[in-house]
**Student:** 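Sending over a structure as structure tokens; questions will come in a sec.
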Amino acid sequence: MNRLISILLVMLMTPVYGQEQLLPSEKKQQTVVTEPASLYKGFFRAGVAGYFGTVDKYFDASGNKTYFPGNIWGSTYGISMSALYGITDRFQASVSIPYMGSSASQYVLFQIPSTDPTRPDSLPTVRYLRKSSGFGDISVGLKYQIATETASRPAVMVYAEATIPTGEKNPTNVIDARNYTPPVGDGEFKLNVGVGIRKVMYPISYSVFVDYMKKFGGTKIHEPGEAEIPFKSSDFMDVIASFNFHLNDWIAVMNEVSYFYYLNNGTFNNQPVDAPTYLLQYTPRVSFQIKRLRLNEGVLIPLAGQTASADISFMLLVQYTF
């Protein structure tokens, strides 16, 4: 009987023991499914994330998907350089430096009266083009596991991220009201705080995060030629849930659904802005883990919204763990 109990104890303890006895090199090769909720102590992960999207359609105030007025079409892109460091096995720090870019064009038809009765009025088309690029607002963050994952419970974490308005906040290279370089920064300090859970049940994992983004406002030029005026963007809350699973040992599929709700507490020139906004978005990704190198590819698909972008965008993430 005692021998049987000893065998059962060994069987129960083996998975935990095996997880704890991973070599450092093996821990650095864990995938998006199997890795813990924060980096191990002393681990450093560098990454570059990029996205590309169009400016073509949006959800109007009634939630209908429609095209932007005035033949407006454009594109946006961003490249963000990030670094994460494990201060302890439960405490992680991060920094992100984005490089932003955008291009928007609009065709406007002018009817010019003719003084010659034998010639019809002319209808010239004028194209307006606005381009910008540059470093945006830097973000720094901290994450702490208040409860580590066990066989019976998920990991529970809290985190905070501050966005510092380091990017250009005003239009530059202004020629006229339509031809100028738009800003790449938002011009206000932001603080994002949240709580989340994460559970690994190999070959799957799931997570749920709840965030609150507080915006503190500032001053900036909203239209070329005007003076800076005070403003504050609306705070928002979001819920992000993901379900991930392995196709094999080094390829994983990630499925993420996110819901953003803006609190409608923004102001413009000290006047309230009535612009209720929400966005429901689905993001499928494929993650490739090649030893310490990770490559994620995904598509951001807006499903529903109100006064929000309805354009699909694409993302790519490359990370390496040192």
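Just so you know, these numbers use all the heavy atoms, side chains as well, and skip hydrogens, waters and symmetry mates. Residue indices begin at 1 and follow the sequence shown.
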**Student:** Let me check something: do L142 and I197 share a hydrophobic cluster, defined by ILVMFWY side-chain heavy atoms less than 4.5 Å apart, either directly or through other members?
**Tutor:**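 Shared cluster, yes.
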
**Student:** Which residue pairs pass the salt bridge (Lys or Arg N to Asp or Glu O under 4.0 Å) test when at least one of the two sits in residues 156-172, sequence neighbours left out?
**Tutor:**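 Non-adjacent pairs meeting salt bridge (Lys or Arg N to Asp or Glu O under 4.0 Å): K169-E228.
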
**Student:** List for me each residue that meets side chain to side chain contact (heavy atoms under 4.5 Å, CB included) alongside Y51, sequence neighbours excluded, and say none if there are none.
**Tutor:**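 Only T76, M100, M315 meet the side chain to side chain contact (heavy atoms under 4.5 Å, CB included) criterion with Y51.
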
**Student:** Which pairs, with at least one residue in residues 32-47 and sequence neighbours excluded, count as a salt bridge (Lys or Arg N to Asp or Glu O under 4.0 Å)?
**Tutor:**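 Non-adjacent pairs meeting salt bridge (Lys or Arg N to Asp or Glu O under 4.0 Å): E35-R45, E35-R294.
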
**Student:** Checking S75 against S103: is there a side-chain donor and acceptor pair closer than 3.5 Å?
**Tutor:**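 There is no such pair between these side chains.
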
**Student:** Please answer: with hydrophobic residues joined when any side-chain heavy atoms are less than 4.5 Å apart, are V193 and V210 in the same cluster?
**Tutor:**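 No; V210 is not reachable from V193 via cluster members.
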
**Student:** Just wondering, do P36 and Q30 contact through their side chains at under 4.5 Å, heavy atoms?
**Tutor:**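 They are in side-chain contact.
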
**Student:** Just verifying a value: how many Å separate L279 CG and F59 CZ, rounded to the nearest 0.5 Å?
**Tutor:**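 Taking CG in L279 and CZ in F59, the distance rounds to 7.0 Å.
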
**Student:** What distance separates Y144 OH from I87 CD1, expressed to the nearest 0.5 Å?
**Tutor:**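 One gets 11.5 Å once the value is rounded to the nearest 0.5 Å.
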
**Student:** Just to verify, what does F216 make a ring-ring contact (aromatic ring centres under 6.0 Å, His included) with, not counting sequence neighbours?
**Tutor:**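 For F216 the ring-ring contact (aromatic ring centres under 6.0 Å, His included) partners, ignoring immediate neighbours, are F189.
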
**Student:** Minimum heavy-atom separation for G266 to S234, with atom names?
**Tutor:**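 Shortest heavy-atom separation between G266 and S234 comes out as N-OG, 3.1 Å.
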
**Student:** Any donor-acceptor pair under 3.5 Å linking the side chain of T166 with the backbone of G136?
**Tutor:**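 Yes.
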
**Student:** Scan for salt bridge (Lys or Arg N to Asp or Glu O under 4.0 Å) pairs involving residues 203-224, sequence neighbours excluded, and state none if there are none.
**Tutor:**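 Of all non-adjacent pairs touching residues 203-224, those that pass salt bridge (Lys or Arg N to Asp or Glu O under 4.0 Å) are K214-D235.
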
**Student:** Return a table of donor-acceptor pairs under 3.5 angstrom between the side chains of residues 249-263 and protein atoms on other chains or two or more places apart.
**Tutor:**
from: D249; atom 1: OD1; to: Y202; atom 2: OH; distance (Å): 3.4
from: N255; atom 1: OD1; to: Y282; atom 2: OH; distance (Å): 2.6
from: E256; atom 1: OE1; to: R285; atom 2: NH1; distance (Å): 3.4

**Student:** Can you hop from I146 to F91 via hydrophobic side chains spaced under 4.5 Å?
**Tutor:**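 I146 and F91: one cluster.
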
**Student:** Do V184 and P98 come close enough that some side-chain heavy atom pair is under 4.5 Å?
**Tutor:**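 No, their side chains stay 4.5 Å or more apart.
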
**Student:** Taking ring-ring contact (aromatic ring centres under 6.0 Å, His included) as the definition, give me every residue that meets it alongside Y58, ordered by chain and number, with sequence neighbours left out.
**Tutor:**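 Y58 satisfies ring-ring contact (aromatic ring centres under 6.0 Å, His included) with F68 once adjacent residues are dropped.
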
**Student:** For S62 and N64, indicate whether the former's side chain and the latter's backbone hold a donor-acceptor pair under 3.5 Å.
**Tutor:**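 No, S62 side chain to N64 backbone: no donor-acceptor pair under 3.5 Å.
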
**Student:** For the pair I312 and V299, evaluate side-chain contact (heavy atoms from CB on, under 4.5 Å) and give the outcome as yes or no after the intermediate values.
**Tutor:** CA-CA 7 Å; I312 293 175; V299 183; 3.4 Å; yes

**Student:** Filter on salt bridge (Lys or Arg N to Asp or Glu O under 4.0 Å), then keep only pairs touching residues 186-204, sequence neighbours left out; what's left?
**Tutor:**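 Qualifying pairs, neighbours excluded: E149-K199, D186-K190.
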
**Student:** Kindly assign one of parallel, tilted or perpendicular to the pair Y99 and F135, based on the angle between their ring planes and the thresholds 30° and 60°.
**Tutor:**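 Rings of Y99 and F135: perpendicular, over 60°.
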
**Student:** Restricting to non-hydrogen atoms, name the atom on V273 and the atom on T267 that form the minimum distance, rounded to 0.1 Å.
**Tutor:**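 Closest heavy-atom pair between V273 and T267: CG2-C, 3.7 Å.
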
**Student:** Of all residues at least two apart in sequence or in a different chain, which pass the ring-ring contact (aromatic ring centres under 6.0 Å, His included) check with F44?
**Tutor:**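 F44 satisfies ring-ring contact (aromatic ring centres under 6.0 Å, His included) with F322 once adjacent residues are dropped.
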
**Student:** Just jot down the side chain to side chain contact (heavy atoms under 4.5 Å, CB included) partners of P230, sequence neighbours excluded, or say none.
**Tutor:**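 T219, N269, N270.
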
**Student:** Answer yes or no: is there a donor N or O on one side and an acceptor on the other, between the side chain of S38 and the main chain of D89, under 3.5 Å?
**Tutor:**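 Side chain of S38 to backbone of D89, a donor-acceptor pair under 3.5 Å: yes, one is there.
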
**Student:** I need the T321 OG1 to R292 CZ distance, nearest 0.5 Å.
**Tutor:**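 T321 OG1 to R292 CZ: 8.0 Å, rounded to 0.5 Å.
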
**Student:** For a quick check under 3.5 Å, do S96 and S80 share a side-chain donor-acceptor pair by atom type?
**Tutor:**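 Checked: S96/S80 side chains pair up, N/O donor to acceptor below 3.5 Å.
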
**Student:** Kindly give the heavy-atom pair with the smallest separation between T54 and D311, and that separation in Å.
**Tutor:**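 Smallest interatomic distance, heavy atoms only, reads O-OD2, 2.9 Å.
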
**Student:** Count the heavy atoms of every other residue, nucleotide or ligand shown that sit under 6.0 Å from OH of Y67, and state whether that count exceeds 12.
**Tutor:**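 No, the 6.0 Å shell around OH holds no more than 12 heavy atoms from other groups.
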
**Student:** How about L316 and F52: do any of their side-chain heavy atoms sit closer than 4.5 Å?
**Tutor:**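 No, too far: nothing below the 4.5 Å cut-off.
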
**Student:** How long is the span from the OG atom in S205 to the CZ atom in F243, to the nearest 0.5 Å?
**Tutor:**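 Going from OG on S205 over to CZ on F243, the span is 8.0 Å.
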
**Student:** Could you give me the CA-CA distance, side-chain angles and deciding distance for Y206 and M201, then say whether side-chain contact (heavy atoms from CB on, under 4.5 Å) is met?
**Tutor:** CA-CA 8 Å; Y206 68 85; M201 297 179 295; 3.7 Å; yes

**Student:** Taking the side chain as every heavy atom from C-beta outward, state whether F314 and E297 have any pair of such atoms under 4.5 Å apart.
**Tutor:**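 No. Closest side-chain heavy atoms not under 4.5 Å.
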
**Student:** For the atom pair CG (N265) and CZ (F236), what is the distance rounded to the nearest 0.5 Å?
**Tutor:**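 Going from the CG atom of N265 to the CZ atom of F236 covers 11.5 Å.
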
**Student:** Can you list the residues that meet the side chain to side chain contact (heavy atoms under 4.5 Å, CB included) rule with I175, with sequence neighbours excluded?
**Tutor:**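 Here the qualifying residues are N179.
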
**Student:** Grab the two heavy atoms, one from A308 and one from Y278, that are nearest each other, plus how far apart they are.
**Tutor:**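 The answer is CB-O, 3.8 Å.
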
**Student:** Any link between I204 and V286 through a network of hydrophobic side chains (Ile, Leu, Val, Met, Phe, Trp, Tyr) touching at under 4.5 Å?
**Tutor:**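 Same cluster: I204 reaches V286 through Ile, Leu, Val, Met, Phe, Trp or Tyr contacts under 4.5 Å.
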
**Student:** Which pair of heavy atoms, one from S94 and one from L84, lies closest together, and at what distance?
**Tutor:**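 What the structure gives for the nearest pair is CB-CG, 4.1 Å.
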
**Student:** Do P302 and L280 come close enough that some side-chain heavy atom pair is under 4.5 Å?
**Tutor:**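 No. Closest side-chain heavy atoms not under 4.5 Å.
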
**Student:** Hey, are T181 and S132 close enough side-chain-wise for a donor-acceptor pair under 3.5 Å?
**Tutor:**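 Note: S132 and T181 side chains miss the donor-acceptor criterion.
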
**Student:** Go through the side-chain N and O atoms of S287 and N296 and say whether any donor and acceptor fall under 3.5 Å apart.
**Tutor:**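 Looking only at side-chain atoms, N296 and S287 do form a donor-acceptor pair, the distance falling under 3.5 Å.
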
**Student:** Is there a path of hydrophobic side-chain contacts, each under 4.5 Å between heavy atoms, that joins V95 and M81?
**Tutor:**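 Looking at the clustering, M81 is in the same group as V95.
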
**Student:** Restricting to non-hydrogen atoms, name the atom on A49 and the atom on L317 that form the minimum distance, rounded to 0.1 Å.
**Tutor:**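 That would be CB-CD1, 3.8 Å.
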
**Student:** If hydrophobic residues (ILVMFWY) are linked whenever their side-chain heavy atoms come closer than 4.5 Å, directly or via other members, who joins I221 in its cluster?
**Tutor:**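 Its cluster partners, ordered by chain and number, are none at all.
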
**Student:** Does some side-chain heavy atom of I290 sit less than 4.5 Å from a side-chain heavy atom of L295?
**Tutor:**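 L295 does not reach I290 side chain to side chain.
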
**Student:** Can you check whether D238 reaches I240 side chain to side chain, under 4.5 Å on heavy atoms?
**Tutor:**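 In contact.
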
**Student:** Roughly how far apart are T148 OG1 and R90 CZ, rounded to 0.5 Å?
**Tutor:**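 Those atoms lie 5.5 Å apart.
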
